[in-house]
Student: 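One structure, pasted below without further comment.
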Amino acid sequence: MDESDYSFKVIVVNNEINKGPSASRNIGVKNSNGSWIVFLDDDDEFTHDKLQIISEIVQDEVDVIYHRAKINLVNENKSYITSNNFHNLTFNDSLYHELLTKNVVGGAPLCTVKKSVFTEVGGFDINLHAMEDYEFAIRLAKNKFNFRFIEDVLITCNYISSKSSVSKHIDNNLTALKSIESKYINDYNLLSKKKLLEHKAWCCSSIGYKQALMLNRVSSLSYIKAFIYSRSVKFLIASAVVLISPKLLLKIR
C-alpha cells in the first residue's frame, strides 16, 4: 500500500505472524488516534459517503452505530441488501435478547464503535476464531451501551463462492457458537422456549449458508435441522434447492 495515495495519515501495522481477525483488530484499535473506530475487511468496500454520514450522527449519547449492507455474490452476479427488521432496537434488553437469539447487528464492517467503549469491554475475544464480531455485539448490548441503527447502505461486502475440502472454517464457526452459548449460558436459560428454538434454527441456517458458499451440498442437512427447530418452510425449500445446486440457492436467495 502506498501511503501517499491518502490525504490523511496512514499507520500500517504488520503482524510478524498471522494472529487472526480478533487480535489484529485489537492491535489496530490500540494504534489508532481517533475517538471512533470503523472496520473494513480487505474484500469489502465503503460507499464514498460512509464516513461523512457517520460523522453527522456521532454524538455523546451514542456508543455504537450500525447500518445496512449490500451483499455482493461475485461469482453468481447476484446482490441483495441486508434486512432492517430490528432498526427500532436500542440499548435495552430487547436488543440483547434478540442478539442472543441471532445476529441482528451484522459483522464488524457494518459497525462504528466509540473507542472508549471498545476499550472498556476489552475488544474482540481473541479466543474465538470465528463469530468474534457477533460475540462482541452481544457483549456491548449486555453492558447496555447505546446502539443507533441507520437505514443507509454504507458498505458492499463481496462474497466469493468456491469449492473447499477444508472443514476448519465450519468447525471454527461451530466451536465459536458453542463457546458463546457457554459464556452467556445463564442468560440463554432465561430465554423462552420459542426464542431458544429460534436461536438453534438461526445457528443451523448460518452454518448452512456458509457451507453453500463453499458449494458443499452438506448444507442441505444444516437447513433440514433449521427446519426441524423452526418449522419454517423457507428452510425446507433451501434444503431441497441446495441439493440440486448450491449455486442455485445463492442465486435465488
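Side-chain atoms are counted along with the backbone in the values below, which use heavy atoms only and exclude waters and symmetry mates.
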Student: Look up atom OG in S230 and atom CZ in F235, then write down how far apart they are to the nearest 0.5 Å.
Tutor: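 One gets 5.0 Å once the value is rounded to the nearest 0.5 Å.
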Student: Is there a side-chain contact between S161 and L250, using heavy atoms and a 4.5 Å cut-off?
Tutor: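 Counting from C-beta outward, S161 and L250 do come under 4.5 Å.
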Student: Using the side-chain contact (heavy atoms from CB on, under 4.5 Å) rule, take E181 and C203 through it: C-alpha gap first, then chi angles, then the decisive distance, then the call.
Tutor: CA-CA 11 Å; E181 290 170 349; C203 290; 4.1 Å; yes
Student: For the residue pair L128 and S22, what are the closest heavy atoms and their distance?
Tutor: O-OG, 3.7 Å
Student: Give me the other members of the hydrophobic cluster that L243 sits in, counting Ile, Leu, Val, Met, Phe, Trp and Tyr linked by side-chain heavy atoms under 4.5 Å, directly or via other members.
Tutor: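 So far as hydrophobic clustering goes, L243 is joined with none.
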Student: Do V218 and Y223 belong to the same hydrophobic cluster, where Ile, Leu, Val, Met, Phe, Trp and Tyr are linked whenever their side-chain heavy atoms lie under 4.5 Å apart, directly or via other members?
Tutor: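 No: no chain of side-chain contacts under 4.5 Å links V218 to Y223.
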Student: Taking the side chain from S219 and the backbone from L215, do they hold a donor-acceptor pair closer than 3.5 Å?
Tutor: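 Answer holds: no.
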Student: Please say whether the positively charged group of R231, taken as NZ for Lys or CZ for Arg, lies over the ring of F227, i.e. under 6.0 angstrom from the six-membered ring centre and within 45 degrees of the axis.
Tutor: yes
Student: Flag yes if more than 12 heavy atoms outside K183 fall under 6.0 Å of its NZ atom; otherwise flag no.
Tutor: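 Yes, enclosed.
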Student: Check whether K115 reaches the backbone of S32 with its side chain - one donor and one acceptor, N or O, closer than 3.5 Å.
Tutor: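 The answer is yes, because a donor-acceptor pair under 3.5 Å joins these two groups.
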Student: To the nearest 0.5 Å, how far apart are CE in M131 and NZ in K178?
Tutor: 13.0 Å
Student: Treating Ile, Leu, Val, Met, Phe, Trp and Tyr as nodes and any side-chain heavy-atom pair under 4.5 angstrom as an edge, say whether I155 and L73 lie in one connected cluster.
Tutor: no
Student: Where the side chain of S79 meets the backbone of N72, is there a donor-acceptor pair that is under 3.5 Å apart?
Tutor: no
Student: Hey, is the main chain of L40 close enough, under 3.5 Å, to the side chain of D44 for a donor-acceptor pair?
Tutor: no
Student: What do you reckon, are the aromatic ring centroids of F124 and F118 less than 6.0 Å apart?
Tutor: yes
Student: Enumerate the salt bridge (charged side-chain N to carboxylate O under 4.0 Å, His left out) contacts for residues 237-247, please, sequence neighbours excluded, ordered by first and then second residue.
Tutor: E76-K247
Student: Is a side-chain N or O of T119 found less than 3.5 angstrom from the main chain of S116, in a donor-acceptor match?
Tutor: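 No; zero donor-acceptor contacts below 3.5 Å.
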Student: Do I11 and N33 have side-chain heavy atoms sitting under 4.5 Å apart?
Tutor: yes
Student: List the atom of V62, the atom of R148, and the distance in Å for their closest heavy-atom pair.
Tutor: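 Reported closest heavy-atom pair: CG2-NH2, 3.4 Å.
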Student: If two hydrophobic side chains count as joined below 4.5 Å and joins carry through other members, does F39 share a cluster with L140?
Tutor: yes
Student: Any non-hydrogen side-chain atom of I244 less than 4.5 Å from a side-chain atom of L249?
Tutor: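 No; the side chains remain at least 4.5 Å from each other.
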Student: Please check: side-chain N/O of R68 versus main-chain N/O of F149, any donor-acceptor pairing under 3.5 Å?
Tutor: no
Student: Please evaluate residues F145 and E120 with respect to the criterion side-chain contact (heavy atoms from CB on, under 4.5 Å), reporting the C-alpha separation (whole Å), side-chain torsions for both, the decisive distance (0.1 Å), and the verdict.
Tutor: CA-CA 11 Å; F145 287 109; E120 182 177 338; 3.7 Å; yes
Student: Linking I/L/V/M/F/W/Y whenever their side-chain heavy atoms sit closer than 4.5 Å, directly or via other members, would I71 and I81 fall into one cluster?
Tutor: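 Shared cluster, no.
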Student: For the atom pair CG (L177) and OG (S182), what is the distance rounded to the nearest 0.5 Å?
Tutor: 12.5 Å
Student: Would the distance check show the side chain of D125 and the main-chain N or O of N127 forming a donor-acceptor pair, the cut-off being under 3.5 Å?
Tutor: yes
Student: Hey, what do you get for CZ (F46) to OG1 (T156), rounding to the nearest 0.5 Å?
Tutor: 11.0 Å
Student: Is there a path of hydrophobic side-chain contacts, each under 4.5 Å between heavy atoms of I, L, V, M, F, W or Y residues, that connects L248 with I224?
Tutor: yes
Student: Under the 3.5 angstrom rule, does the side chain of D133 hit a backbone N or O of A108 as a donor-acceptor pair?
Tutor: yes
Student: Atom CG of residue position L236 - does it have more than 12 heavy atoms of other residues, nucleotides or ligands inside 6.0 Å?
Tutor: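 Yes.
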Student: Find out whether F136 and V113 are in side-chain contact, i.e. whether some heavy atom of one side chain is under 4.5 Å from a heavy atom of the other.
Tutor: yes
Student: Do W36 and I54 have side chains that get closer than 4.5 Å, going by heavy atoms?
Tutor: no
Student: As a quick check of understanding, evaluate side-chain contact (heavy atoms from CB on, under 4.5 Å) for M214 and I170, giving each step before the final call.
Tutor: CA-CA 10 Å; M214 299 167 70; I170 298 300; 3.9 Å; yes
Student: Looking at every non-hydrogen atom in both residues, tell me the closest pair between L100 and Y134 and how far apart they are.
Tutor: O-OH, 3.4 Å
Student: Report yes if the side chains of R139 and Y184 come closer than 4.5 Å at any heavy-atom pair, otherwise no.
Tutor: yes
Student: For a quick test of reading the model, state the closest non-hydrogen atom pair linking S222 to Q211 and the distance between them.
Tutor: OG-OE1, 2.7 Å
Student: Do K195 and E198 sit within salt-bridge range, that is, some charged N less than 4.0 Å from a carboxylate O?
Tutor: yes
Student: Evaluate the side-chain proximity of W202 to N103: yes if any heavy-atom separation is below 4.5 Å, no if none is.
Tutor: yes
Student: Is there a donor-acceptor contact under 3.5 Å from the side chain of N158 to the main chain of D43?
Tutor: yes
Student: Find the distance between CG (L213) and NE2 (H169) and round it off to the nearest 0.5 Å.
Tutor: 8.0 Å
Student: Considering non-hydrogen atoms only, spot the tightest contact between T101 and H97 and give its length.
Tutor: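 Of all heavy-atom pairs spanning T101 and H97, the closest is OG1-O, 2.9 Å.
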Student: For N31, look at atom CG and say whether over 12 heavy atoms of other residues, nucleotides or ligands are found less than 6.0 Å away.
Tutor: yes
Student: What's the separation between atom CG in N14 and atom OG in S24, rounded to the nearest 0.5 Å?
Tutor: 10.0 Å
Student: May I have all residue pairs that pass salt bridge (charged side-chain N to carboxylate O under 4.0 Å, His left out) and include part of residues 11-37, sequence neighbours excluded?
Tutor: R25-D41, R25-E132
Student: Using every non-hydrogen atom in the two residues, find where L154 and K50 come nearest and quote the distance to one decimal.
Tutor: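 Nearest pair, atom of L154 first, then K50: O-CD, 3.4 Å.
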Student: Given the rule in the side-chain contact (heavy atoms from CB on, under 4.5 Å) test, do V242 and R217 qualify, once you have shown the distances and angles that lead to the verdict?
Tutor: CA-CA 6 Å; V242 81; R217 284 183 170 83; 5.5 Å; no
Student: Hey, does H129 have a side-chain heavy atom less than 4.5 Å from the side chain of T175?
Tutor: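 Not touching, per the 4.5 Å side-chain cut-off.
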Student: Over 60° means perpendicular and under 30° means parallel, so classify the ring planes of Y188 and H199, tilted if in between.
Tutor: tilted
Student: Under 3.5 Å, is there a donor on one side chain and an acceptor on the other for D63 and N146?
Tutor: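 No, no side-chain donor-acceptor contact under 3.5 Å.
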